[in-house]
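Model, not experiment: these values are computed from the prediction. Both backbone and side-chain heavy atoms feed into the values below; hydrogens, waters and symmetry mates do not. By convention in this document, chain letters (A, B, ...) are assigned in the order of the sequence lines, proteins followed by strands, and residues within each chain are numbered from 1.
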Amino acid sequence: MSAAVDPGLWDDLTWRGLIANSTDADALRAALSAGSVGFYVGFDPSAPSLHMGHLVQVLTAKRLQLAGHTPYALVGGATGMIGDPRDAGERVLNPLDTVQEWVARIRSQIEPFLSFEGDNAATMVNNYDWTAGLSTIDFLRDIGKHFPVNRMLARDVVRNRLEDGISYTEFSYVLLQSMDFLELFRRHGVTLQFGGSDQWGNLTAGVELIRRAAGERVHAIATPLMTKADGTKYGKTEGGALWLDPAMLSPYAFHQFWLNAEDEKVGELLRVFTFLPREEIEALEKQTADEPFRRAGQRALADAVTTEVHGERETQQAKAAAAALFGTGDLHDLDATTLAAALGEAGSASAPSGTGVVDLLLASGLVTSKGEARRTIAEGGAYLNNERITDVEAVPGSGDLLPGGWLVLRRGKKRLAGIQVG
RNA sequence: GGCAGGUUGCCCGAGCGGCCAAUGGGAGCGGACUGUAAAUCCGUCGGCUUUGCCUUCGAAGGUUCGAAUCCUUCACCUGCCA
């Protein structure tokens, strides 16, 4: 039996711009309309948390499942041990126990997005299960034989690395990922893999392997690489990548990231990262174009994505914190509870009374050295309770304390931190 | 294995005995303008007990009053030859 599938899926994915590339589109569209398709998407544990780029895949998996298809989410304990070649150069291999810990963390990040019940329940898989016991001889005979080295050398990632060098380890990565597809095809009848467009070579290699080794035609979809309006990479915040783990990036900072989206990109981000219906997104795009200063699109985007990732409660707290800290009112008018909650979201520290502004900035984490603190003050970029600090030697007194004994430090326009003095 | 070239601050890349914490570009950070947008312009961009001191130019030694710059050894990378 096949579960009822949503015939509008392909058009929706296309409209959202989620299909940057795919194998035979007509055949794929037909397959997705005919019945529940087993599909897989893989995540390598190259860090302790997923980030913005992975979120596209997680949400796409959810879209496919909601449309009736059957997800196999692979967290690559094996591929994570090897490392996908990248232009930046050879990776440093991580120890097995580190990889395994990251596998566990990433699995638990993915699980909330999928449903593990019903006709098209999701399954979590780990390629370590079918590679750990595999012998080198079997691997070379059964898998390696299907990979012409001349074709492998022609791939962009490999070609780019030939100048600077690439290890046999990374060169072989594509065999492992292709084998995953073959293995999932054999074990679970998986006939579709998708991933970021930077994975296109790996995706098609898997399709090719299944054609050669099993004589079957399967499919691949590449989702677009998200970039800023100027074409540069996304996902950078002050702390680094846009992590999904709240311990690595607070829900407040996460919410702020989306709130600061460029006008030009709001529509695209809404389509890729939210489940809002088409009419609603189109209305928001129009509003953003007509009244950009209201930033209706950015607000809807930030709320929707933060809710998907961190939940309703965290989203409300992030919004409340931003309203308190970026509001037009005087900070002195906020009550201690609101202030403490807001600063807890934005980041806070403590310092003994009598500490000067330079050391306060350092303690807040807004700067990383005293020299940077002095420089920031000299540049007019440091603020205490929303007032520019002009004197490097200034020492805030009891009259500067906000309710609850707080001082609000700010660097630039948006980077805030609270210091509790006592 | 031989020969040649390379290894500079977050990245790219100048410097080739003192004027070098080290030209320039990019990224980052701050300011102005705005809408917690983009673009643009300006400033800034190792650390500190900041008119000075300390640590940086692959690593360790050495020459010199003085080295990122010269010498020696080691490590890694690239190219040519075998």
Side-chain angles (χ1 to χ4, degrees), chain A residues 86-92 159-167 170 227-242 250-270 284-303 305-306 318-329 331 342-343 345-347 355-359 361-362 364-384 386-393 408-417:
Chain A
R86 54 179 174 183
D87 289 345
E90 193 74 15
R91 291 172 188 270
V92 177
R159 215 168 36 192
N160 293 343
R161 286 282 299 280
L162 287 180
E163 273 285 309
D164 299 324
I166 178 170
S167 67
E170 288 191 7
T227 58
K228 293 202 284 190
D230 61 8
T232 58
K233 269 206 206 169
Y234 238 130
K236 291 294 178 187
T237 65
E238 53 194 277
L242 192 82
S250 73
Y252 168 81
F254 185 86
H255 187 262
Q256 285 286 307
F257 170 83
W258 299 99
L259 197 59
N260 281 298
E262 301 155 288
D263 292 357
E264 272 184 80
K265 284 285 171 175
V266 170
E268 181 183 333
L269 294 173
L270 282 165
L284 285 165
E285 286 189 272
K286 185 171 179 344
Q287 272 193 63
T288 300
D290 294 345
E291 303 181 301
F293 52 91
R294 293 198 190 282
R295 298 187 302 130
Q298 280 93 335
R299 290 179 204 282
L301 174 68
D303 291 355
V305 184
T306 309
K319 286 174 74 172
L325 298 172
F326 285 103
T328 49
L331 284 173
L343 293 171
E345 290 287 320
T355 306
V357 287
V358 168
D359 288 302
L361 282 167
L362 188 59
S364 73
L366 292 175
V367 299
T368 55
S369 73
K370 291 186 187 183
E372 193 178 355
R374 291 195 187 90
R375 194 185 307 133
T376 303
I377 293 170
E379 290 172 338
Y383 305 80
L384 174 68
N386 281 347
E387 286 189 36
R388 181 171 284 171
I389 298 170
T390 51
D391 179 10
V392 177
E393 306 293 331
V408 174
L409 288 165
R410 178 156 62 89
R411 178 182 183 185
K413 275 190 271 193
K414 321 174 192 175
R415 304 175 61 196
L416 288 143

- Task: Take atom C1' in U56(B) and the same atom in G46(B), then report the distance between them in whole Å.
- Result: 7 Å

- Roughly how far apart, to the nearest Å, are U34(B) and G18(B) at atom C1'? 50 Å

- Message: Output the pairing pattern of RNA chain B as a dot-bracket string, 5' first, Watson-Crick or G-U wobble with both distances under 3.5 Å, | for cross-strand pairs, [ ] for crossing pairs.
- Response: ((((((((.[[[..)..(.....]]].(((((.......))))).(((...)))...[[[[[..)....]]]]]))))))).

- Query: Taking L409(A) as the fixed residue, which of L384(A), L416(A), V357(A) is the one that meets the side-chain contact (heavy atoms from CB on, under 4.5 Å) rule?
  - Reply: L384(A)

- Item | Point-to-point distance, once rounded to the nearest 0.5 Å, from NZ of K413(A) to OH of Y383(A) | 9.0 Å

- Note on the structure: Readout for nucleotides 46-51 of chain B: B = base within 4.0 Å of protein heavy atom, S = sugar-phosphate only, - = neither; 5' to 3' it is -SSSB-

- Message: Without decimals, in angstroms, what is the distance between F257(A) CZ and A37(B) P?
- Response: 14 Å

- Candidate pair Y252(A) and L325(A), rule side-chain contact (heavy atoms from CB on, under 4.5 Å), full reasoning: CA-CA 12 Å; Y252(A) 168 81; L325(A) 298 172; 4.3 Å; yes

- Message: Does the protein touch nucleotides 30-35 of chain B at the base, only the backbone, or not at all? Give it as B, S and - per nucleotide, heavy atoms under 4.0 Å.
- Response: SSSBBB

- Working to the nearest 0.5 Å, report the span between CD of Q256(A) and OG of S250(A). 9.0 Å

- At what distance, to the nearest 0.5 angstrom, does CD of E285(A) lie from CG of D290(A)? 11.5 Å

- Message: Between A68(B) and G58(B), how far apart are the two P atoms, rounded to whole Å?
- Response: 10 Å

- Message: Under the side-chain contact (heavy atoms from CB on, under 4.5 Å) test against W258(A), which residue among L270(A), D303(A), L242(A) passes?
- Response: L242(A)

- Distance from R410(A) atom CZ to T376(A) atom OG1, nearest 0.5 Å? 13.0 Å

- Task: Provide the distance between the two P atoms, one in A67(B) and one in C12(B), to the nearest whole Å.
- Result: 27 Å

- Item | Whole-angstrom distance between A14(B) and C48(B), as gauged at atom C1' | 29 Å

- Taking the side chain as every heavy atom from C-beta outward, state whether I377(A) and L361(A) have any atom pair closer than 4.5 Å. yes

- Item | L362(A) CG to E372(A) CD distance, which is reported to the nearest 0.5 Å | 9.0 Å

- Message: Work out how far the C1' atom of C10(B) is from that of C57(B), and round it to whole angstrom.
- Response: 15 Å

- Message: Working to the nearest 0.5 angstrom, can you tell me the gap between R299(A) CZ and L284(A) CG?
- Response: 12.0 Å

- Between C77(B) and U8(B) - C1' atom distance, rounded Å: 15 Å

- Item | Backbone N/O of V367(A) and side chain of R411(A): donor-acceptor pair under 3.5 Å | no

- P atom, G47(B) versus A21(B): distance in rounded Å? 16 Å

